[in-house]
Amino acid sequence: MALRKIAFLSMFLFLLGACTTETTKGDITGYVSSFINSNDKTAGFGSAGLKGILSKTDYKSNDKLGLLLGTEIGKIENVLDLDGPMYFVAEGPFSEDGAPDVMHMFMAVKNLDSLKIELESRSFNIEKAGDVEYADEGDFLIGMNEDIAIVTVRGGDFDAKKVVKENFKMIKGDRAGGTVDEILALEGDMIFGMHLENLYGTSNTDIQNLDAKTQKEVKAMMEGSFVSTNFKFEDGAALVETKNYFSQALKDRMFFNADTKAPVLKELGSGTPRAGLSINIDMKKMQAFMDEFSPDATKELARSMGGPAQMALMAAGSDGLSGLFKGQFGGLVFLDQDDFGATPDFNFFLGLTTKGNDLGKMGEESLAFFMENVELNAKGLNASTNAENSKPGAKLKLPAGCEDFGKSGVSLFVNLDGLDMNEFDLDGEENLLRVVKYVTIDYNNDGGKIYVKAKKGQENILKQALDVVLEELISEIGNISI
């Protein structure tokens with residue numbers, strides 16, 4: 001009996017946790033909005049769906065996997081509406097590994113009687129909590145009526161009947177409206193919203209060590225602030241987009257500099273890199289932010305870097321890090337397929353102010369031991385391990401698809417095109433890199449974007465990923481000694 005329960009719970013939670021929001025959303029959205037509005041511990045929320053994401057994996061093309069998933073999906077589809085989205089709410093505080101204190105999941109009920117029969121067949125006992133029925137097992141609790149099922153997963157001891165009553169009371173209040181409803185209405189394969197005000201209110205971080213005045217300012221900044229993350233899995237690519245819904249006070253303190261001219265690139269030499277990182281920030285705004293909300297951070301950073309850094313910061317005076325650094329940094333990695341096994345080459349640039357010149361001289365002396373080209377000038381410190389990648393007048397050639405590198409406050413790319421991945425000692429989930437052609441990441445004050453381009457452009461990236469996972473699993477089974 002116990003094994004049947006565990007198997008059902010595992011499949012139930014898996015199916016609730018892997019979905020798409022491409023279907024039309026019904027009244028369940030209102031229930032979830034009301035729940036969020038009534039629950040000041042809501043730190044995260046969002047939606048996901050089942051059929052879209054599973055169909056994109058094309059799991060049915062694998063006979064055994066199709067039979068396994070198809071059977072369980074069929075049973076759940078008889079009792080719950082899998083054509084509609086699944087919503088979730090995560091309560092803070094979050095643990096160090098990112099797990100929420102409590103997780104709630106919401107789905108529309110297709111047939112309440114059939115749902116109860118299915119639960120009872122798995123040895124669950126159905127009980128009453130007013131006009132709501134529920135079943136629980138360990139950390140798992142499901143409450144249900146004719147409209148909706150609410151699954152709650154939480155650790156420790158709790159009164160299941162009381163929790164069910166509270167959950168169903170919260171879905172009957174006023175909707176949150178505004179940004180919450182806007183995020184719940186987003187379309188994608190998975191949507192995740194962060195409620196920054198509640199996240200701060202439930203956090204156990206060092207923010208709580210700030211003085212009362214600063215804590216009040218932080219609370220005011222977080223009020224009405226959210227971040228949404230939208231996951232989309234497409235033919236040949238995966239896209240993750242974040243959008244910041246910040247209060248004006250928080251917007252005013254953001255310090256990333258977007259520049260379509262990509263100024264850092266001009267300082268990074270030449271050649272065709274495999275990977276790159278570019279950072280362009282307003283150092284004065286960042287320093288002001290640190291001084292206000294993490295006043296000891298600069299001193300701790302200098303202490304970790306040793307005596308020279310501490311002396312340089314003393315010279316910078318009240319300007320702190322902004323007195324030493326211009327806020328521009330870039331680095332490139334060069335690796336040809338023909339040179340596999342060799343040490344990659346590097347180019348990098350660090351923008352320095354006049355006061356940071358002494359720190360630059362120390363860096364120049366240290367880097368000269370293993371870099372072919374090192375130059376300290378009025379703009380900052382440039383270095384390269386290979387003179388071929390720092391020829392005067394030569395141009396930097398970015399890989400196809402990575403041409404926007406350097407235009408955002410934070411910009412990164414990794415190009416795997418043309419590399420023989422069999423040459424790498426990939427293990428477990430690392431094998432997913434086999435489907436990737438290149439990755440780009442960009443982030444600015446309004447949000448960011450991660451774009452993963454797959455090697456096969458006409459096949460969904462989830463299908464490609466599943467094929468790799470199954471191939472690796474079959475390989476591991478074949479290597480087991482009996």
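This structure is a prediction, so every number in the text was calculated from the model and none was measured. In what follows, residues are counted from 1 in the order of the sequence shown.
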*For the side chain of D282 and the backbone of F255, is there at least one donor-acceptor N/O pair under 3.5 Å apart?*
no
*side-chain contact (heavy atoms from CB on, under 4.5 Å) between V469 and E472, worked out*: CA-CA 5 Å; V469 170; E472 177 67 13; 5.9 Å; no
*Hey, are the side chains of K165 and K169 touching, using non-hydrogen atoms and a 4.5 Å cut-off?*
no
*Between L398 and E403, which heavy-atom pair has the shortest distance, and what is it?*
CD1-O, 3.9 Å
*Check step by step if side-chain contact (heavy atoms from CB on, under 4.5 Å) holds for L199 and M194.*
CA-CA 8 Å; L199 182 65; M194 290 297 294; 3.4 Å; yes
*Could you tell me which residues satisfy side chain to side chain contact (heavy atoms under 4.5 Å, CB included) with V414, sequence neighbours excluded, listed by chain and number?*
A275, L412, L416
_Using the ring-ring contact (aromatic ring centres under 6.0 Å, His included) criterion, which residues pair with Y134? Sequence neighbours excluded._
none
*asked:* Check this for me: does any side-chain nitrogen of one of K56 and D189 sit under 4.0 Å from a carboxylate oxygen of the other?
replied: yes
*asked:* Return the CD to CD distance between E217 and Q215, rounded to the nearest 0.5 Å.
replied: 11.0 Å
N/O donor-acceptor pairs under 3.5 Å from side chains in residues 219-230, not counting sequence neighbours:
unit_1, atom_1, unit_2, atom_2, d
S225, OG, M221, O, 3.0
S225, OG, S247, N, 3.0
N230, ND2, E187, O, 3.1

*Would you say the side-chain atoms of S33 and D181 include a donor-acceptor pair closer than 3.5 Å?*
yes
*Quick one: are V180 and N37 in side-chain contact, heavy atoms under 4.5 Å?*
no
*Aromatic ring pairing Y451/Y438, orientation class (parallel under 30°, perpendicular over 60°, tilted between)*: tilted
_Presence of salt bridge, D58 and K463, under 4.0 angstrom_ = yes
*Shortest non-hydrogen separation from N244 to N445 and the atoms involved*: ND2-O, 2.8 Å
*Would you mind listing every ring pair (Phe, Tyr, Trp, His ring centres under 6.0 Å) that reaches into residues 41-82, with sequence neighbours excluded?*
none
_CA sep, side-chain torsions, deciding dist, call: I450, L239, side-chain contact (heavy atoms from CB on, under 4.5 Å)_ = CA-CA 6 Å; I450 300 174; L239 178 63; over 6 Å; no
*Report the residues that fulfil salt bridge (Lys or Arg N to Asp or Glu O under 4.0 Å) with K243, sequence neighbours left out, ordered by chain and then residue number.*
E182
_Side-chain H-bond candidate by donor/acceptor type, D211 with T214, under 3.5 Å_ = yes
*Please lay out, stage by stage, how I142 and I150 fare under the test side-chain contact (heavy atoms from CB on, under 4.5 Å).*
CA-CA 6 Å; I142 178 171; I150 304 177; over 6 Å; no
*For F192, enumerate each residue passing the ring-ring contact (aromatic ring centres under 6.0 Å, His included) test, keeping only those at least two apart in sequence or located in another chain.*
F88
*asked:* Tell me whether N444 contacts the main-chain N or O of D446 through its side chain, where contact means a donor paired with an acceptor under 3.5 Å.
replied: no
*Side-chain donor/acceptor of R274 to backbone N/O of N415, under 3.5 Å*: yes
*asked:* Tell me whether T202 contacts the main-chain N or O of N198 through its side chain, where contact means a donor paired with an acceptor under 3.5 Å.
replied: yes
*Roughly how far, to the nearest 0.5 Å, is the CG atom of L141 from the CZ atom of R154?*
9.0 Å
*asked:* Looking at K116 and E133, is there a salt bridge between them, counting it only when a charged N and a carboxylate O are closer than 4.0 Å?
replied: yes
_Can you list everything that forms a ring-ring contact (aromatic ring centres under 6.0 Å, His included) with F35? Sequence neighbours excluded, please._
H104, F106
_Gap between atom CG of D319 and atom NZ of K284 - 0.5 Å precision_ = 6.5 Å
_Can you confirm whether V153 sits close enough to V102 that some side-chain heavy atom of one is under 4.5 Å from a side-chain heavy atom of the other?_
no
*salt bridge (Lys or Arg N to Asp or Glu O under 4.0 Å) involving E197 - partner list, sequence neighbours excluded*: none
*Any donor-acceptor N/O pair, R122 side chain to I117 backbone, under 3.5 Å*: no
Output a table of donor-acceptor pairs, distance under 3.5 Å, between side-chain atoms of residues 258-268 and any protein atom two or more places apart or on a different chain; print 'none' if there are none.
unit_1, atom_1, unit_2, atom_2, d
D259, OD1, K261, N, 2.9
E267, OE2, K379, NZ, 3.1

_Side chain proximity check, T57 to F233, heavy atoms < 4.5 angstrom_ = no
*May I ask you to test the I171-I148 pair for a side-chain heavy-atom distance under 4.5 Å?*
yes
*D147: partners by side chain to side chain contact (heavy atoms under 4.5 Å, CB included), with sequence neighbours left out*: Y31, N145
*Atom pair CD1 (I28) and OH (Y87), whose distance is rounded to the nearest 0.5 Å*: 6.5 Å
*Would a distance-only check, ignoring hydrogens and angles, find a side-chain to backbone donor-acceptor pair under 3.5 Å from E118 to L115?*
no
*K449 atom NZ, neighbour heavy-atom count above 12 within 6.0 Å*: no
*asked:* Counting only heavy atoms from other residues, nucleotides and ligands, does the tally under 6.0 Å from CG of D157 exceed 12?
replied: no
*Examine distances only and state if a side-chain atom of S34 and a backbone atom of G173 form a donor-acceptor pair shorter than 3.5 Å.*
yes
*If you take all heavy atoms of G92 and A43, which pair is closest and at what distance?*
N-CB, 3.9 Å
_Non-hydrogen atoms of G46 and L184 that approach each other most closely_ = O-CD2, 4.4 Å
*asked:* Taking the side chain as everything from C-beta on, heavy atoms only, tell me whether K285 gets closer than 4.5 Å to M254.
replied: no
*With a 4.5 Å limit on heavy-atom distance, are the side chains of Q464 and L432 in contact?*
no
*Taking all non-hydrogen atoms of both residues into account, name the closest pair between N431 and V468 and its distance.*
O-CG1, 3.3 Å
*Identify, with sequence neighbours excluded, every residue that meets side chain to side chain donor-acceptor pair (under 3.5 Å) alongside D442.*
S408, S411
_Is it true that, when you exclude K128 itself, more than 12 heavy atoms of the residues, nucleotides or ligands shown sit nearer than 6.0 Å to its NZ?_
yes
_Set of ring-ring contact (aromatic ring centres under 6.0 Å, His included) partners for F256, sequence neighbours left out_ = Y443
_For T152 and N167, which I'm curious about, is there any donor-acceptor pair between the side chains at under 3.5 Å?_
yes
_Nearest non-hydrogen partners of N257 and I281, listed with the distance_ = ND2-C, 3.4 Å
_Approximate separation, where rounding is to 0.5 Å, of K232 NZ and L186 CG_ = 8.5 Å
*asked:* More than 12 heavy atoms of other residues, nucleotides or ligands under 6.0 Å from CG of D174: yes or no?
replied: no
_Minimum side-chain heavy-atom gap M144-I126 below 4.5 Å_ = yes
*asked:* Once rounded to the nearest 0.5 Å, what's the spacing between atom CD of Q328 and atom CD1 of I279?
replied: 11.0 Å
*Does the side chain of E91 pick up a donor-acceptor pair with the side chain of N39 at under 3.5 Å?*
yes
